[in-house]
Colleague: 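Here it is, the structure in full.
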Amino acid sequence: MDVTVRSPLALDRDAHETFLADVIAGLTDYPKRLGAKYFYDAAGSELFEQITGLPEYYPTRTEMGILRRDGARIMGELAPGTALVEFGSGSTAKVRVLLDAAPSLAAYVPVDISAEFLGAEATRLQDDYPHLKVLSVAADFTGLFELPPQVRGHPLVGFFPGSTIGNFEPHEADAFLRRAARILGASSRFIVGVDLVKDERVLNAAYNDAAGVTARFNLNVLTRINRELGADFDLDAFAHRAFFNSARSRIEMHLQSLTRQKVHVARRIVPFRAGETIHTENSYKYTLERFAAVAAAAGWTTHAVFTDPAEYFSVHALTQS
Ligand code: AVJ
């Protein structure tokens with residue numbers, strides 16, 4: 001197994017500086033905001049794993065069902081030497097379903113910012129698929145990155161599951177899809193998981209689970225800021241809020257200050273009014289037509305779309321032509 005990395009220490013230092021700058025910028029903006037990518041420290045990733053198993057949280061289970069049922073059709077015909085490039089990995093559960101459905105795949109290229117993922121999960125996957133070339137890339141998949149030289153010029157299939165694309169603003173989704181087209185190259189394909197608009201009660205329940213795991217996931221970003229940036233957020237003084245904003249077709253998550261209070265963050269004072277919120281996440285929900293239009297504007301043709309019978313979730317097979 002090969003790993004392409006810059007000096008891990010330089011990467012850590014840059015990541016810390018960027019986190020600090022983003023948090024200060026977000027908490028001094030109005031309305032206050034934090035980037036959803038900061039949920040995923042070790043504790044946050046573990047909480048997200050728990051979310052994926054909650055009865056109310058349908059996306060993971062539904063997407064897995066689609067991949068299991070239609071995996072072979074989603075992957076389609078594979079030319080010899082085809083490599084699967086996954087944008088942001090987290091867990092290998094989904095890609096394993098595709099690898100099983102397409103045993104002729106030559107290489108798997110997980111692109112992830114987390115060295116932890118690239119170490120542990122990718123090694124285990126390599127052990128389970130000894131004939132597959134696993135070529136990990138440590139990079140932020142939302143930016144431009146280089147593919148490993150071993151797969152350049154090979155037929156490429158991109159994979160971006162989980163409706164992570166829902167975290168992007170419409171202009172960011174457009175930019176991401178364009179960049180992916182450039183990275184994957186002409187005549188590549190792209191498999192994208194996209195959560196769909198549905199009954200608001202189903203959407204609201206998925207982000208307000210009875211067990212309170214999503215609330216802990218949301219609040220955990222404050223714990224992370226306390227620990228990594230030397231802040232003193234009182235977790236009991238903030239509450240989880242999540243609701244579907246139908247005008248913008250997105251679930252919004254916020255952390256609401258329950259009192260008027262001052263918080264210290266990296267030697268700065270951040271004041272909160274009682275009831276003021278920090279906007280922590282958007283999770284956009286698409287219709288099938290809307291997503292096809294977004295993909296088309298970015299240079300992708302919809303070759304096929306796979307959904308579950310209730311049309312809760314969709315997997316789009318896109319091609320570049
Ligand atoms: C990982 C972005 C797909 O939006 O459903 C789950 C994150 N946030 N519960 C989503 C999330 C709250 C999740 N994505």
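We're numbering straight along the sequence, starting at 1. All ligand and atom numbering here is 1-based and tracks the order in the structure.
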Colleague: Should you measure from each heavy atom of S283, which atoms of ligand 1 turn up under 4.0 Å away?
Modeller: 4 (O), 5 (O), 10 (C)
Colleague: Below 4.0 Å, non-hydrogen atoms only: which portion of F39 touches ligand 1? Side chain, backbone, both or neither.
Modeller: neither
Colleague: State if F217 counts as touching ligand 1 under the rule of any non-hydrogen atom under 4.0 Å.
Modeller: yes
Colleague: Among H240, E281, E63, which residue places a heavy atom closest to atom 7 (C) of ligand 1?
Modeller: E281
Colleague: At less than 4.0 angstrom from any non-hydrogen atom of N167, what atoms of ligand 1 do you find?
Modeller: 2 (C)
Colleague: Which atoms of ligand 1 are found less than 4.0 Å from any heavy atom of F48?
Modeller: 1 (C), 6 (C), 7 (C), 13 (C)
Colleague: For Y40 and F217: C-alpha separation, side-chain torsions, deciding distance, then whether ring-ring contact (aromatic ring centres under 6.0 Å, His included) applies.
Modeller: CA-CA 9 Å; Y40 302 93; F217 173 74; 5.6 Å; yes
Colleague: For the pair R96 and D100, find out whether any cationic side-chain nitrogen is under 4.0 Å from an anionic carboxylate oxygen.
Modeller: no
Colleague: Is the centre of the H254 ring less than 6.0 Å from the centre of the F243 ring?
Modeller: yes
Colleague: Taking only non-hydrogen atoms of Y40, do any sit less than 4.0 angstrom from ligand 1?
Modeller: yes
Colleague: Cation-pi check, R224 to F19: give yes when NZ or CZ is under 6.0 Å from the six-membered ring centre and within 45° of the ring axis, no otherwise.
Modeller: yes
Colleague: Would R152 and E146 pass as an ion pair if we require N to O under 4.0 Å?
Modeller: yes
Colleague: Taking only heavy atoms of S163, which atoms of ligand 1 are found under 4.0 Å from at least one of them?
Modeller: 3 (C)
Colleague: Which ligand 1 atoms are under 4.0 Å away from a heavy-atom of G162?
Modeller: 3 (C)
Colleague: Y108 vs F159, test: ring-ring contact (aromatic ring centres under 6.0 Å, His included). Steps then yes/no.
Modeller: CA-CA 10 Å; Y108 169 52; F159 184 40; 8.6 Å; no
Colleague: Give the atom numbers and elements of ligand 1 that come within less than 4.0 Å of a heavy atom of Y57.
Modeller: 3 (C), 5 (O), 6 (C), 9 (N), 10 (C), 13 (C)
Colleague: Pairing donors with acceptors under 3.5 angstrom, does anything connect the side chains of D41 and N220?
Modeller: yes
